[in-house]
Asker: 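Have a look at the structure that comes next, please.
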Amino acid sequence: MPHLSYQYVFEAGPDPVAPPLLLLHGTGGTEHDLLRLGHSLSPGSALLSPRGDVSEGGALRFFARLAEGVFDPAEVTRRTHALADFILAATKQHELDPSKLIAVGFSNGANIAATLLQLRPETLGAGILLRSMVVLNQPAAAGSLLGRRALLLNGTVDPIVPPDHPPHLAELLRAGGAEVKVQLLQASHGLTPQDVTAAKAWLQT
Ligand code: MLT
């Protein structure tokens with residue numbers, strides 16, 4: 001089963017109407033990193049959490065980069081399709097509806113959540129992108145994200161994400177018809193309690 005080749009954790013949710021969450025960790029993380037965040041954001045949800053399959057000197061990621069903030073579009077595209085195929089196979093296996101799946105991604109995980117929305121909109125219903133940036137400067141195809149939503153939570157003093165990236169990424173997603181909210185927090189690249197509060201509030205809307 002090549003499409004289930006990612007290592008992953010799956011937790012069945014106790015609440016069948018709660019939307020399933022796809023948890024995507026940051027560089028150097030594992031499939032266990034965001035489980036607590038997932039429980040806190042939506043306690044009843046099923047959690048699907050793959051482990052990045054690219055190693056950068058031992059630090060796991062979802063795609064390789066040429067340097068910090070420098071990306072190869074062919075590599076990003078290839079890895080995005082691989083993760084998308086995994087998502088379709090894993091949601092089928094665990095009887096989840098991908099159109100209800102909400103990606104919760106941090107840093108590198110947020111970046112691949114964005115490229116999933118840009119390139120493979122059928123794999124997600126929504127995304128909470130924590131500290132994302134533009135890695136693929138390509139608008140989503142017109143109409144491909146109609147009915148889908150994204151929340152971009154970024155920090156005002158983040159040394160990794162240039163300040164023009166969140167609004168630019170929002171435009172790339174809006175080009176596909178997504179409803180996108182960009183929210184800036186007094187924060188650096190790391191997550192803060194405000195991220196949890198803001199993400200929970202957005203999930204209620
Ligand atoms: C990336 O490479 O995806 C971004 O620079 C975020 C990171 O992993 O630090």
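Each ligand, and each atom within it, is numbered from 1 in the order the structure gives.
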Asker: Between Arg65 and Asp72, is there a side-chain N and carboxylate O pair less than 4.0 Å apart?
Answerer: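 No, this pair does not count.
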Asker: Surrounding CD of Glu75 (heavy atoms of other residues, nucleotides or ligands, distance under 6.0 Å), is the total greater than 12?
Answerer: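 More than 12 heavy atoms, drawn from other residues, nucleotides or ligands, come within 6.0 Å of this atom.
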Asker: Please check whether His189 reaches ligand 1 - meaning an N/O of the residue sits under 3.5 Å from an N/O of the ligand, judged on distance alone.
Answerer: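 No.
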Asker: Check whether any heavy atom of Arg131 sits under 4.0 Å from an atom of ligand 1.
Answerer: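 Flag not set, Arg131 not near ligand 1.
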Asker: Taking the six-membered ring of Phe63, is the NZ or CZ of Arg61 close enough (under 6.0 Å from the centre) and on axis enough (within 45°)?
Answerer: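 Judged by the rule, Arg61 and Phe63 form a cation-pi pair.
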Asker: Show which atoms of ligand 1 fall inside a sub-4.0 Å distance from at least one heavy-atom site of Thr27.
Answerer: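 Matching atoms, with element in brackets: 7 (C), 8 (O).
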Asker: What about Arg65: any of its N or O atoms under 3.5 Å from an N or O on ligand 1?
Answerer: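 It does: an N or O of Arg65 is found under 3.5 Å from an N or O of ligand 1.
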Asker: Do Thr115 and Arg120 pass the side chain to side chain donor-acceptor pair (under 3.5 Å) test, and can you show the C-alpha distance, the side-chain angles, and the key distance before you say yes or no?
Answerer: CA-CA 8 Å; Thr115 60; Arg120 294 291 297 271; over 6 Å; no
Asker: Non-hydrogen atoms of Phe71 versus ligand 1: any pair closer than 4.0 Å?
Answerer: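 Yes; Phe71 lies near enough to ligand 1 that a heavy-atom distance drops under 4.0 Å.
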Asker: Could you list the atoms of ligand 1 found under 4.0 angstrom from a heavy atom of Ser107?
Answerer: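 Numbered from 1, ligand 1 contributes 6 (C), 7 (C), 8 (O), 9 (O).
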Asker: CG/Asn111 to CZ/Phe106 distance, rounded to the nearest 0.5 angstrom?
Answerer: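 Separation between the atoms: 10.0 Å.
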Asker: Among Val180, Leu117, Leu172, find the residue that satisfies the side chain to side chain contact (heavy atoms under 4.5 Å, CB included) test when tested with Leu145.
Answerer: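 Running side chain to side chain contact (heavy atoms under 4.5 Å, CB included) over Val180, Leu117, Leu172 with Leu145 returns exactly one hit, Leu117.
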Asker: What is the closest protein heavy atom to atom 4 (C) of ligand 1, and at what distance does it sit?
Answerer: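 Going by distance alone, atom 4 (C) of ligand 1 is nearest to Asn111 ND2, 3.4 Å.
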